[in-house]
2 protein chains.
Amino acid sequence: MCFNLRKASRAVTQVYDEFLRPGGLRTTQFSLLAMLVGKGPMPIRTLADYMVMDRTTLTRNLKLVEREGLVTVRAGDDRRTRIVEITEQGRDAVKQSLPFWQDAQDFMVRELGSKTWSALRANLGETISAAQTTND
Amino acid sequence: MCFNLRKASRAVTQVYDEFLRPGGLRTTQFSLLAMLVGKGPMPIRTLADYMVMDRTTLTRNLKLVEREGLVTVRAGDDRRTRIVEITEQGRDAVKQSLPFWQDAQDFMVRELGSKTWSALRANLGETISAAQTTND
DNA sequence: CATAATTAGGTTTATATGCACATAGTGGCA
DNA sequence: TGCCACTATGTGCATATAAACCTAATTATG
């Protein structure tokens with residue numbers, strides 16, 4: 001299953017990256033920014049948990065979008081933490097890329113059928129939870 | 001969906017990597033070697049297609065397992081091609097890691113339930129095909 | 001047969017991923 | 001108060017991923 005999941009992930013990422021290309025954001029970056037738009041400013045650790053992404057991976061990914069001025073990172077009240085916040089420029093970037101993302105989404109739904117689509121969506125949610133039960 | 005697929009891929013890969021660790025192979029490497037065991041020697045391009053992996057990604061991944069003596073790469077009759085073949089040492093590595101892989105598989109099936117498991121399996125297959133219709 | 005189009009592959013560059021290890025701040029407890 | 005466990009983060013290393021560009025061999029076409 002891990003085979004198939006990774007294959008599917010690569011294949012679908014390629015589709016989304018292709019659609020997103022004119023907007024200038026990679027799939028990873030769009031996901032990250034969209035999460036920040038939805039949830040507001042938060043420490044790196046919290047964002048990493050939301051993204052189901054290794055904390056250190058996120059640190060690297062943040063460097064790129066920070067360099068582009070799409071997010072800011074500042075110290076939190078707890079001075080161990082660093083708070084990530086999306087900038088106006090970041091919001092614009094998401095806004096610009098959103099239609100391309102929608103196109104990609106529409107393409108995949110059209111190809112898959114909305115029934116398979118929602119089944120997959122549900123199953124992936126369960127799979128993520130299942131995989132994370134190791135971290136107890 | 002791309003979010004969820006990538007999240008699930010990361011989460012599940014971590015589970016498999018964790019289980020495979022004592023065998024000394026990464027998930028990617030195990031997948032690659034297992035494919036070669038199943039399908040026999042073939043050119044890089046063909047293997048990349050089977051793996052739904054970019055050709056250049058495969059080249060890098062091959063370098064690692066070639067360095068470990070797990071595969072050999074030689075020129076084909078068509079002298080543009082390079083034929084990848086698993087070595088005895090490679091077969092041994094797969095054999096050694098197989099039980100760990102099975103443990104990971106069992107863990108995921110147990111956590112997910114075999115019904116969700118097979119549904120997911122089927123959906124992922126469809127998804128891979130769907131995503132690849134872009135390459136027309 | 002000569003040349004154009006196609007195909008297989010490598011290399012460069014950039015992003016993505018995560019483990020092991022190190023550092024610094026917080027909070028509890030003797 | 002002083003120490004220790006815990007938590008948040010960064011860095012070094014290694015692997016994974018793929019687009020862009022380049023070369024060489026094969027195949028198609030006139």
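Lettering of chains follows the sequences in order, A, B, ..., and the numbering in each one begins at 1. No experiment lies behind these values; they were computed from the predicted model shown.
Listed candidates were C/dT26, D/dT15, C/dA16. Nearest to the side chain of A/Asp78 is C/dT26. The nucleotide whose nearest atom lies closest to any side-chain atom of A/Arg6 is, among D/dT17, D/dT15, D/dT9, D/dT17. Checking C/dG25, C/dT17, C/dG9 against the side-chain heavy atoms of B/Ile44 singles out C/dG9 as nearest. Listed nucleotides: C/dG9, D/dT15, D/dA18. Nearest to the side chain of B/Gln29: D/dT15.
Look at CZ on B/Arg45: it is 14 Å from C1' on C/dG10, rounded to the nearest Å. Remark: P of D/dA19 and CG of A/Asp17 are 7 Å apart, rounded to the nearest angstrom. Nucleotide C/dG18 holds its P atom 11 Å from the CD atom of A/Gln132, rounded to whole Å. Rounded to whole angstrom, the span from the NZ atom of B/Lys7 across to the P atom of C/dA16 amounts to 17 Å. At whole-Å resolution of the value, CG in B/Leu33 and P in D/dA16 are 11 Å apart. Taking atom CZ on B/Arg26 and atom P on D/dC13, their separation rounds to 16 Å, with Å as the unit. Atoms CG (B/Leu47) and P (C/dA8) sit 14 Å apart, rounded to a whole Å. Whole-Å rounding puts the B/Leu25 CG to D/dT15 P distance at 12 Å.
Contact annotation: A/Arg10 does not reach the phosphate of C/dT17 (side-chain N/O to OP1 or OP2, under 4.0 Å). Within the structure, every side-chain polar atom (N or O) of A/Thr81 is placed at least 4.0 Å from both OP1 and OP2 of D/dA8. Within the structure, every side-chain polar atom (N or O) of B/Arg79 is placed at least 4.0 Å from both OP1 and OP2 of D/dT23. At the phosphate of D/dT11, OP1 or OP2 sits under 4.0 Å from a side-chain N or O atom of A/Lys63. In terms of phosphate contacts, A/Arg82 brings no side-chain nitrogen or oxygen within less than 4.0 Å of OP1 or OP2 of C/dA24.
No side-chain heavy atom of B/Leu32 sits less than 4.5 Å from a side-chain heavy atom of B/Met35.
Ring centroids of A/Trp101 and A/Phe19 are separated by 6.0 Å or more, keeping the two rings apart.
In this structure, A/Thr87 contributes its side chain and A/Gly90 its backbone to a donor-acceptor pair below 3.5 Å. Counting only distance, with no hydrogens or angles, the side chain of A/Ser9 and the backbone of A/Leu5 share no donor-acceptor pair below 3.5 Å. Side-chain N or O atoms of B/Thr81 include none that pairs as donor or acceptor with a backbone N or O of B/Asp77 at under 3.5 Å. With B/Asp17 contributing its side chain and B/Thr27 its backbone, the two residues share a donor-acceptor pair below 3.5 Å. Within the 3.5 Å criterion, the main-chain N or O of A/Val94 finds no donor-acceptor partner in the side chain of A/Ser97.
Near DNA chain D, meaning a heavy atom under 4.0 Å from it, residues 50-61 of chain A has A/Arg55, A/Thr56, A/Thr59, A/Arg60 in order of number.
You won't find any donor-acceptor pair under 3.5 Å spanning the side chain of A/Arg80 and the base of D/dT9, going by distance alone.
If you check every strand for non-hydrogen atoms under 4.0 Å, A/Arg74 touches nothing.
Residues A/Thr28 and B/Arg6 bring a donor and an acceptor atom of their side chains to less than 3.5 Å of each other.
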